[in-house]
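Residue numbers start from 1 in every chain, and the chains themselves are labelled A, B, ... in the order their sequence lines are given, proteins ahead of strands. Worth saying up front: this structure is predicted, and the values here are computed from it rather than measured.
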Amino acid sequence: MLDPKLVRSEPERVAQKLAKRHFTLDINKVQALEEQRKSLQTRSETLQSEQNLRSKSIGKAKQAGEPIQPLLDEVDNLKQQKAQAEESLHQLQEELHQFLAGLPNMPDDEVPEGADENDNLEVACWGEIPRFSFTPKDHVALGEGLAGLDFKKAAVLARARFAVMQGPVARLHRALAQFMLDVHTNEHGYLETALPFMVNSDSLFGTGQLPKFEEDLFKIDGDRDLYLIPTAEVPATNLVRDSILKDEELPMRLVCHSPCFRSEAGSAGRDTRGMIRQHQFEKVELVQVVRPEESVAALEALTGHAESILQRLQLPYRKVALCGGDIGFAAAYTYDLEVWLPAQDCYREISSCSNTRDFQARRLKARWKNPETGKNELLHTLNGSGLAVGRTLVAVLENYQQEDGSVSVPDVLQPYMGGMTVIPARGQHD
RNA sequence: GGAGAGGUGUCCGAGUGGCUUAAGGAGCACGCCUGGAAAGCGUGUAUACGUUAAUAGCGUAUCGAGGGUUCGAAUCCCUCCCUCUCCGCCA
């Protein structure tokens, strides 16, 4: 959420910032709502104050044995007026809250201008794009050849956009997650954290999925107010909801391996083949909670941590800064990491690393006691994939494939595969 | 799922309708005292919102959450959440 005071006092400036992401702030609406809010709030608080004074004098009059009926009549009159004012006020506050809750974060000044993903700015490129002496297969064909990926069975068990993994491919998938967790905990200073895979609507509001993006989520049936998590960012970031952290608890760095569930409501027809876009996938998520002045540097570090996984796996990738039109709802600045997929002959997103500044923290009421000011101040939160495990599996299969349909195991994963160096194709025997 | 006990400020803890403006204590901060410290004494010590030039005043709200009764609710009523104990079930 944006700072209501800023939206109120400098709507033009906010509108200008939001224009970068092609969001139009209705300035007239802001001002109209604010004007009404102010007068209704003042009126209703004044009436309340009057009533409180009367009620106190009733207590005193009673003890002094004086008549209280005149006071009772006055209060009765005040209460009626107050009830009206309060009802209008509550309605208006609700409207104002909905309006503010629907405003996206302001992009940083450094965010590139642009309308969509085509305008994203490439800031780095790493690794050699592999040249194959044969036509590379895609991961679906490879997975079938390895007897390790079955999308038809998954559709029978559930529906489209699910996968069944078996044998060495399933183990490779597990190895990837283990490897990522080990690197982030042992070398990058993250605390391994296991979290609920279902969360309530307060949590989803805190990170910004609600109220605007409910159709992207799987909701648990019944009146329990639970949703399957779309990313571990939600439970992880909500660990600091409604809390005031001590200076020495910062910065907080968490790494969380979890399944992620997305309804992909708006993506019918996109990436229907294979496991690029699934209803369920696993991800190793990095979350940082930091002092405000640290967040810009923290995003560079966090993105570097994600990049380090790609580098150790020797997977070619590029790093892009998302443009204003492509940046997510809660983000002030985002780097996407895109891995090279030979069969698609292009780079595909495998990680998205964002600094949300105080946007989530304000929704979460996540604060720290700033020792310099002695005040409770909003924190900054960041998150990034380190990495999406399913897509990393796809990238390994496609980039490490050999002409006979087997797939060699990246060096760093071999210890996690019991020393296996090659996953043989179906029917092959060493 | 059943029965019972609870949830008060940074912490402990009092408080069953109005001198509660949440007692008292601990902790913390500052001051006095001291050669220095401790003890002692004194003062202060929540958050959010509004108003405001203001981190000054003033107002409103907050005793797990939300409703209700009442002129007035930490206190009475209802619903829900959470914690603890016992029982049942289960991995």
Is it true that [X] and [Y] have ring centroids separated by less than 6.0 Å?
X	Y	value
Phe359(A)	His380(A)	no
Tyr227(A)	Phe218(A)	no
His97(A)	Phe205(A)	yes

Which nucleotide, in any strand shown, forms a Watson-Crick or G-U wobble pair with [N], with both distances under 3.5 Å?
N	result
U45(B)	G27(B)
G17(B)	none
U51(B)	G57(B)
U69(B)	none
U85(B)	A3(B)
C32(B)	G40(B)

Between atom [atom1] in [X] and atom [atom2] in [N], what is the gap in whole Å?
X	N	atom1	atom2	result
Lys246(A)	G27(B)	NZ	C1'	13 Å
Gln93(A)	A61(B)	CD	P	13 Å
Leu53(A)	G18(B)	CG	P	19 Å
Lys369(A)	U10(B)	NZ	C1'	9 Å
Asn376(A)	U10(B)	CG	C1'	11 Å
Gln48(A)	A73(B)	CD	C1'	13 Å
Glu86(A)	A61(B)	CD	C1'	11 Å
Asp225(A)	C82(B)	CG	P	11 Å

Would you state whether a donor and an acceptor, one from the side chain of Glu45(A) and one from the base of G50(B), lie under 3.5 Å apart?
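Side chain to base: no pair present.
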Considering only NZ, NE, NH1 and NH2 on the basic side and carboxylate oxygens on the acidic side, decide whether [X] and [Y] come within less than 4.0 Å.
X	Y	value
Arg161(A)	Glu264(A)	no
Glu187(A)	Arg312(A)	yes
Arg8(A)	Asp3(A)	no
Lys246(A)	Glu248(A)	no
Arg54(A)	Glu50(A)	yes
Lys17(A)	Asp109(A)	yes

Under the salt bridge (charged side-chain N to carboxylate O under 4.0 Å, His left out) test, residues paired with Asp108(A) that sit two or more places apart
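Result, salt bridge (charged side-chain N to carboxylate O under 4.0 Å, His left out) vs Asp108(A): Arg357(A).
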At less than 4.0 Å, is any side-chain N or O atom of [X] found next to OP1 or OP2 of [N]? Yes or no.
X	N	value
Arg8(A)	G50(B)	yes
Asn52(A)	A61(B)	yes
Ser49(A)	U60(B)	yes
Gln41(A)	C49(B)	no

When the [atom1] atoms of [N] and [M] are considered, how many whole Å apart are they?
N	M	atom1	value
G17(B)	C76(B)	P	8 Å
A54(B)	G40(B)	P	43 Å
C58(B)	U16(B)	C1'	34 Å
A39(B)	U45(B)	P	22 Å
U60(B)	A3(B)	P	43 Å
U51(B)	U43(B)	C1'	29 Å
G44(B)	U34(B)	C1'	23 Å
C28(B)	C19(B)	C1'	30 Å

Would you give the length of the straight line joining atom CG of Leu387(A) to atom OG of Ser351(A), rounded to the nearest 0.5 angstrom?
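Here the interatomic distance stands at 5.5 Å.
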On RNA chain B, compare the nucleotides closest to Lys38(A) and Ile244(A); which residue's is nearer the 5' end?
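Mapping each residue to its closest nucleotide by heavy atoms, the 5'-most match is Ile244(A).
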Using the closest heavy atom to pick a nucleotide of RNA chain B for each, name whichever of Lys5(A) or Thr46(A) lands nearer the 5' end.
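Residue closer to the 5' terminus by nearest nucleotide: Lys5(A).
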Positions of residues 360-368 of chain A (non-hydrogen atom under 4.0 Å from RNA chain B), listed by number
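Listed by number, they are Arg367(A).
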For nucleotides 64-71 of chain B, tabulate all protein N/O to nucleotide N/O atom pairs closer than 3.5 Å, reporting atom names and distance.
residue, atom, partner, partner atom, Å
C71(B), O2', Ser55(A), OG, 2.9

NA contact type, Lys82(A), heavy-atom cut-off 4.0 Å: base, sugar-phosphate, or nothing?
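Touches nothing.
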Can you tell which of Leu228(A), Leu204(A), Val199(A) makes a side-chain contact (heavy atoms from CB on, under 4.5 Å) with Leu217(A)?
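Going through the options one by one, the only one that passes is Leu204(A).
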